[in-house]
2 protein chains.
Amino acid sequence: MKRKITLKHIAKELEVSISTVSKALKNSEEISRDTKEKIQAFAKLYNYRPNNIAVSLKNKRTKNIGVIIPDIVHHFFTTVISGVEKEANSKGYNVIVCLSDESFDKEVINMEMLANGSIDGFIMSLSSETQQKKDYNHLKEVTDQGIPLVLFDRVTQSVDCDKVIIDDQLGAYEATKKLLNQGKRKIALITVDDYLSVGTERTKGFIRAHKDLGIPYLEKNILKMPTMEMEEGIIREFLTKADYDAIICVNEIFAVFGMKVAKETGKKIPQDVSVIGFTDGLLSKYANPSLTAIAQHGELMGETAARMLIKRIEDESDDEFPFQTKILQPTLIERDSTIN
Amino acid sequence: MKRKITLKHIAKELEVSISTVSKALKNSEEISRDTKEKIQAFAKLYNYRPNNIAVSLKNKRTKNIGVIIPDIVHHFFTTVISGVEKEANSKGYNVIVCLSDESFDKEVINMEMLANGSIDGFIMSLSSETQQKKDYNHLKEVTDQGIPLVLFDRVTQSVDCDKVIIDDQLGAYEATKKLLNQGKRKIALITVDDYLSVGTERTKGFIRAHKDLGIPYLEKNILKMPTMEMEEGIIREFLTKADYDAIICVNEIFAVFGMKVAKETGKKIPQDVSVIGFTDGLLSKYANPSLTAIAQHGELMGETAARMLIKRIEDESDDEFPFQTKILQPTLIERDSTIN
DNA sequence: TATTAACACGAAAACGTTTGCGAGACACTT
DNA sequence: AAGTGTCTCGCAAACGTTTTCGTGTTAATA
């Protein structure tokens, strides 16, 4: 077991001072050519690499980004991580991932843990519990300390920071409009309770599309699930009782399950019932029939968030530029669960 | 913007030394009750938290675990991360995730980056490129430095370290046996090239099941995909030419797509064709018909790997215990794509 | 009263870097 | 001979902790 070599070792071996070694490895003008070459050769030979922790302590820069998400099994968040990782890595940053499991307490604990020097900035999406409680003190503490924060997807207006979201309302609006234009008049909407920002926005888009086209929407055809978690019973009961000719779902799991129930009750897709889901993930692509979906561009969202964060981190000037909210456009991916 | 408070600040404010503050906050016996109470109260009031970086430098313990995986979009890896995160978090560790993107170079870069003090140990699954090149020097360098490493799923015998895998051969064996026992005699196997350990093992299990039951397997019914990536053309061509009454696939995406092609050619599932896929993810659960799957228990694998790693990290004794390879048992989850 | 023990605290080194500044050696100018 | 300048390099502080050891004070013992 060969231990890691440090500046001190090199210095002792070459009989120079630690500072000389440090400067030589940085190609400082202060050091003579001879000495530099000798030191650099030695360092290369022994494969010297500076200790990240020590450098972090000295520079007060960790080159780490903390990402806190409610859940990693949802495809959307996975793609976001992927985007963050890509952008971060290309700029020399590592990504520390923490899961809040939709729990307020875990979110707070994770933030506090990372805020004590482990990271240079946060990228996060609020847990559902946090959105319910509307308690954002942990976010404020972090920003108060001058740690940059970028919120994505599940955001709040109560915290001043950079944000990146998709235009959820627009996504729902366009999906609804498409179905209405095809003559569907009894669209069912399976969404989530209003405490989740995405729920509210998507419902708004659904209603606005109806209003704009002068078509009444059916209040009783709107199902608000308590959480994003799948509860087959609720959806099955709703769909067996409802009278509908199309379904729009807040995520692809609900949509695929909705299709299943519809088929079980003898309806043909897309002729009798058209189905559209949010989140264009694997399920949508490989469902049978394949699912028309509103793509949320998670990877792009992750990249964007990372870019905004790193810009903030590396901004030396004291005159802080104002916080931005980037709004990404959703895309309707047409497949076989709707008529084209 | 209130800056983070340090021991030094507390010491100056309370007119004691830094060491006294440090000890008082650790409830050391050395410090008098009065002083401790005063210091603790002050620390709580100003919400003092030790700087992780400084503690890491001092203790040579980062409380970070590095996880390097080839890909995060595959459901299996996602569940592994989830398991690692859970176990790590419960023991006070954070998880740094890096993606190799199946690239040897990115794997090496990520490892080197993290190995310079950022983490206390690695959990990783080899990239396909690494498995092809059979170049494991970056792993050896890390273990040589005394950094613990746990390999999971895609492992190699060339590196001495802890490992956790599932019995891939057994999974394939049982799936094959089940189908053979149901009278299927023309099973198609869609797997991957042998350079991926999972490909080899699963193919072995497939063949062994045939041998054990004295039934010949059809060499021409085995398709070895170049990578784990979906290439619809190859699978479609294979399945339209082949004569088969069942399909076993190396992952669920292939399986779901296989079902689709089978259905397109007029075959009924599961009556005419039974289908079984590896990886019991969302796709399997929500496919139509739902997919019988060999569960790989990714979350358990992650938890196990994390537990082994942390045990290694926190092992103080010098007499190192021998490396272990834990073999998890796969589980056959029966659903509607096979006859039950 | 002198000795010792217990107690409470501080000084300082250490972890591995970075960096401003001072200083010795040498050559050159006046 | 004294002053000035240039090159190299080392000293030391700093980042924020932890921990060993030393020391001054007080109380208990002989």
Side-chain angles (χ1 to χ4, degrees), chain A residues 3-40 42-43 46-64 113-120 145-147, chain B residues 3-40 42-43 46-64 113-120 145-146 316:
Chain A
R3 287 238 40 75
K4 269 266 160 191
I5 191 173
T6 69
L7 291 184
K8 196 193 278 188
H9 298 139
I10 302 183
K12 189 190 289 181
E13 205 66 32
L14 264 36
E15 297 181 310
V16 290
S17 78
I18 293 179
S19 26
T20 303
V21 178
S22 176
K23 287 168 186 166
L25 293 177
K26 291 197 137 46
N27 236 323
S28 159
E29 293 298 328
E30 255 181 286
I31 310 297
S32 71
R33 269 188 55 130
D34 279 5
T35 321
K36 278 199 285 194
E37 279 174 6
K38 190 177 61 178
I39 292 177
Q40 288 172 1
F42 189 91
Y46 286 91
N47 198 30
Y48 169 79
R49 295 273 180 281
N51 179 303
N52 292 333
I53 298 290
V55 175
S56 292
L57 183 59
K58 186 88 246 275
N59 300 347
K60 292 165 162 277
R61 280 285 169 85
T62 64
K63 286 275 183 179
N64 283 152
M113 185 131 188
L114 294 182
N116 299 316
S118 298
I119 50 92
D120 294 339
Q145 283 172 32
I147 303 178
Chain B
R3 287 238 41 76
K4 269 265 161 191
I5 191 173
T6 69
L7 291 184
K8 196 193 281 189
H9 297 139
I10 301 183
K12 190 190 288 179
E13 205 66 34
L14 263 37
E15 297 181 309
V16 290
S17 78
I18 293 179
S19 24
T20 303
V21 179
S22 176
K23 288 169 189 166
L25 293 177
K26 292 197 138 44
N27 235 322
S28 159
E29 293 298 328
E30 255 181 288
I31 310 297
S32 73
R33 270 189 54 131
D34 279 5
T35 319
K36 278 199 284 194
E37 278 173 6
K38 189 177 63 179
I39 292 177
Q40 288 172 1
F42 188 92
Y46 286 92
N47 199 28
Y48 169 79
R49 294 274 180 280
N51 179 304
N52 292 332
I53 298 290
V55 175
S56 292
L57 182 59
K58 187 86 246 275
N59 299 348
K60 292 163 161 283
R61 279 285 171 85
T62 64
K63 284 277 184 177
N64 283 153
M113 186 131 187
L114 295 183
N116 298 316
S118 298
I119 50 93
D120 294 338
Q145 283 172 32
E316 301 287 317

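In this text the structure is predicted, and so the values were computed from the model without any measurement.
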Phosphate oxygens OP1/OP2 of C:dG10: is one of them under 4.0 Å from a side-chain N or O of B:Ser17?
yes
Here the distance between atom P of C:dA6 and atom CD of B:Glu29, to the nearest Å, is 15 Å
Show, in sequence, the C-alpha distance, side-chain angles and deciding distance for B:Leu25 and B:Val21, and conclude whether the side-chain contact (heavy atoms from CB on, under 4.5 Å) test is met.
CA-CA 6 Å; B:Leu25 293 177; B:Val21 179; 4.0 Å; yes
Under the rule for side-chain contact (heavy atoms from CB on, under 4.5 Å), what residues qualify as partners of A:Lys36, not counting sequence neighbours?
A:Ala24, A:Asn27, A:Ile31, A:Gln40
Nearest whole Å is fine: how far is D:dC9 P from A:Lys36 NZ?
10 Å
C:dG10 P sits how many Å from B:Glu15 CD, rounded?
10 Å
Nucleotide N/O to protein N/O under 3.5 Å, stretch nucleotides 25-27 of chain C:
none

Do any side-chain nitrogens or oxygens of A:Thr35 fall under 4.0 Å of OP1 or OP2 in D:dT8?
no
Distance from B:Lys38 atom NZ to B:Ser32 atom OG, nearest 0.5 Å?
8.0 Å
Tell me what A:Ser56 touches on the nucleic acid: a base, only sugar-phosphate, or nothing, going by heavy atoms under 4.0 Å.
nothing
Distance (rounded to the nearest 0.5 Å) between A:His9 NE2 and A:Ile18 CD1:
10.0 Å
The helix from C:dT1-D:dA30 to C:dT30-D:dA1: angle between terminal helix axes, five bp per end, to the nearest 10 degrees, reads 80°
Could you state the interatomic distance from OG1 (B:Thr20) to CG (B:Leu7), rounded to the nearest 0.5 Å?
10.5 Å
Using the test side-chain hydrogen bond (donor to acceptor under 3.5 Å, both in side chains), find all partners of A:Asn116 that sit at least two apart in sequence or belong to another chain.
B:Lys4
A:Ser56 side, atom OG; B:Asn51 side, atom CG - distance, nearest 0.5 Å:
9.5 Å
Specify the separation, in whole Å, of atom CD1 of A:Ile39 and atom P of C:dT17.
14 Å
Take B:Leu14 and B:Ile39, measure what side-chain contact (heavy atoms from CB on, under 4.5 Å) needs, and give me the verdict at the end.
CA-CA 8 Å; B:Leu14 263 37; B:Ile39 292 177; 3.8 Å; yes
Taking side-chain contact (heavy atoms from CB on, under 4.5 Å) as the test, write out the residues that go with A:Glu13, two or more places apart.
A:Phe42
So, taking the atom named CG in A:Asp120 and the one named OG1 in A:Thr62, what distance separates them when rounded to the nearest 0.5 Å?
3.5 Å
Hey, what do you get for CG (A:Leu114) to CG (A:Asn64), rounding to the nearest 0.5 Å?
9.0 Å
What string of B, S and - do you get for nucleotides 15-21 of chain D, 5' to 3', if B is base contact, S is sugar-phosphate-only contact and - is no contact with any protein heavy atom under 4.0 Å?
BBBBBBB
